[in-house]
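Accompanying notes for the structure given below.
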Amino acid sequence: MKKALITGITGQDGSYLAEILLGKGYEVHGLMRRTSSPNLGNIKHLRGNPKFKIHDGDMGDTICLYKLVKEIMPDEIYNFAAMAGVSPSFSQPEYCFEIGALAVVRLLEVIKQIKPDIKFLQATSSHIFGNIKTYPQTEVSPISPISPYGLAKTSAHHAVNYYRSSHGMFTCSAIFYAHASPRYSESFLLSKVVHGIRKILKGEQKILEVGNIDNPLDVGYAKEYVEASYKILQNDKPDDFIIATGELHTPREFITSSFEIAGLDIKKYLKINKSLKRPEVSILQGDYSKAKRVLGWQPKVKFKELIKIMVKADVEQLKKHV
């Protein structure tokens, strides 16, 4: 029986991957940072599975990581642990770099010392491309981060390449573009929209306030993206892959369709708040042709279908609590 360790297990990516691996007969271990009020919503349905185990720990603690890997001796490690989003990284750059970059080196060193043949996947981000002027981006596009978050992900990406080339380890980067699901954190715009609609329907909120809604995004379905991460570690050789849809859509399109599905008048409930606007960024659009060619992976859930999945899941949650 194969064993896998997933960091960031309570997030959308970690929880979806846990389901996929359990379905394939894996023994799945998840690392969860100890907090006073842990958010277990995404994994509560897995807690009774005898092949699923949660471990308290911290990516900033080398001894903790060493003991954990030594105890589990996993065949595969998927690192989804990171600061949740770009915006918080500007106010907490040191913490962002600690968890998003130094912790990756820490974990790779532990693997090198204990079991160098562990297959390792780092969830990298399209934000490594930063202020790139050309699109779509490929795996060899110039890297130029413009945020602490992008800088941390860039450093982790380079660390993956270093351990692969210098130590012969099976280390890979999945360069994820924006991806969402019903399990997406409410701190992100697309989830803010969906949860805002639910609150409006419940009468808890009168309007939805948003900032930038016309910057194009390449956004896909998170469950499909973690399926790609699994395929990356099953490949014959370690490599880096862009995981994206290759399509561009604006948050305005997402918001408009979401309100239509929910049966709400967008003119009545949506307000543009200039104070919420963020600086313009480059167009991040991924070319996933390498993943398609080598892994046989391509996105199936289209933009409109993703919106329906997210809105309908939230409306169902509302009905359960009425």
Side-chain angles (χ1 to χ4, degrees), residues 1-84 98-124 156 159-160 163-164 169-174 176 181 183 185 222-223 225-235 238:
M1 181 192 304
K2 281 189 175 182
K3 291 188 284 186
L5 170 62
I6 303 171
T7 69
I9 188 70
T10 60
Q12 67 167 0
D13 294 353
S15 62
Y16 278 127
L17 181 62
E19 291 175 353
I20 290 169
L21 295 182
L22 287 169
K24 294 180 181 297
Y26 277 64
E27 178 180 306
V28 176
H29 297 259
L31 176 62
M32 182 177 72
R33 184 165 60 91
R34 183 183 293 277
T35 60
S36 57
S37 54
N39 179 14
L40 303 176
N42 288 337
I43 59 170
K44 62 182 180 181
H45 61 296
L46 302 176
R47 299 298 297 276
N49 191 318
K51 292 182 180 179
F52 181 70
K53 185 176 181 181
I54 292 294
H55 303 264
D56 289 326
D58 197 308
M59 291 292 289
D61 187 338
T62 303
I63 295 176
C64 165
L65 294 177
Y66 187 92
K67 288 181 176 178
L68 188 61
V69 174
K70 186 76 172 176
E71 174 191 342
I72 299 170
M73 295 297 279
D75 300 286
E76 300 168 2
I77 295 179
Y78 297 82
N79 183 39
F80 294 134
M83 176 173 276
E98 173 70 36
I99 301 303
L102 293 178
V104 176
V105 174
R106 217 174 265 127
L107 188 50
L108 288 169
E109 273 296 308
V110 167
I111 293 171
K112 181 164 72 75
Q113 293 174 33
I114 297 176
K115 191 183 178 191
D117 63 345
I118 290 175
K119 293 183 176 183
F120 176 84
L121 181 124
Q122 167 64 21
T124 309
V160 165
Y163 280 86
R164 182 168 67 218
M169 293 166 59
F170 201 108
T171 56
C172 309
S173 278
F176 285 158
S181 74
R183 301 179 187 181
S185 168
K223 189 173 183 179
Y225 282 33
V226 297
E227 288 172 351
S229 69
Y230 168 76
K231 285 179 174 288
I232 290 172
L233 288 198
Q234 312 316 307
N235 193 35

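Below, all heavy atoms of this structure are taken into account, side chains as well, without hydrogens, waters or symmetry copies.
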Within 45° of the six-membered ring axis of Phe170 and under 6.0 Å from that ring's centre, is NZ or CZ of Lys119 located there?
yes
May I ask you to test the Ile9-Phe52 pair for a side-chain heavy-atom distance under 4.5 Å?
yes
What's the shortest heavy-atom distance between Val105 and Ala159, and which atoms?
CG2-CB, 4.0 Å
I want to check something: taking the side chain as every heavy atom from C-beta on, are His29 and Pro74 in contact at a cut-off of under 4.5 Å?
no
Working to the nearest 0.5 Å, report the span between CE of Met169 and CG of Asp117.
9.5 Å
Tyr16-Glu227 side chain donor-acceptor pair, cut-off 3.5 Å
no
If I take atom CD1 from residue Ile20 and atom OG from residue Ser229, how far apart are they, to the nearest 0.5 angstrom?
7.0 Å
Can you check side chain to side chain contact (heavy atoms under 4.5 Å, CB included) on Leu121 and Tyr230, steps first, answer last?
CA-CA 9 Å; Leu121 181 124; Tyr230 168 76; over 6 Å; no
d(Leu102 CG, Leu107 CG) to nearest 0.5 Å is 12.5 Å
Please table the atom pairs, donor to acceptor, closer than 3.5 Å between any side-chain atom in residues 59-73 and protein atoms at least two apart or in another chain.
from, atom 1, to, atom 2, distance (Å)
Asp61, OD1, Ile63, N, 3.1
Asp61, OD1, Cys64, N, 3.1
Thr62, OG1, Arg106, NE, 3.3

Distance in Å, Ile99 CD1 paired with Asp58 CG, rounded so as to fall on 0.5 Å steps:
5.5 Å
Name the residue from Lys2, Lys3, Lys115 that meets the salt bridge (Lys or Arg N to Asp or Glu O under 4.0 Å) definition with Asp75.
Lys115
Close side-chain approach of Tyr78 and Val28, heavy atoms under 4.5 Å:
no
Of all heavy-atom pairs linking Gly100 and Ala156, the shortest is O-CB, 3.4 Å
Counting C-beta onward and ignoring hydrogens, is there a side-chain heavy-atom pair between Asp13 and Tyr225 closer than 4.5 Å?
no
Straight-line distance of Glu27 CD to Leu21 CG, nearest 0.5 Å:
12.0 Å
Is any side-chain heavy atom of Leu5 less than 4.5 Å from a side-chain heavy atom of Ile118?
no
Looking at side-chain heavy atoms only, is the closest gap between Phe80 and Val226 below 4.5 Å?
yes
Side-chain polar contacts of residues 40-49 - donor-acceptor pairs under 3.5 angstrom, sequence neighbours left out - could you list them?
from, atom 1, to, atom 2, distance (Å)
Asn42, ND2, Thr10, O, 2.9
His45, NE2, Glu19, OE2, 2.5
Asn49, OD1, Lys51, N, 2.9

At what distance, to the nearest 0.5 angstrom, does CG of Asn79 lie from OG of Ser173?
10.0 Å
Ile111 and Tyr163: side chain to side chain contact (heavy atoms under 4.5 Å, CB included), yes or no, with the steps?
CA-CA 10 Å; Ile111 293 171; Tyr163 280 86; over 6 Å; no
Of the non-hydrogen atoms in Met1 and Gly25, which two are nearest, and what is the gap between them?
CG-O, 3.2 Å
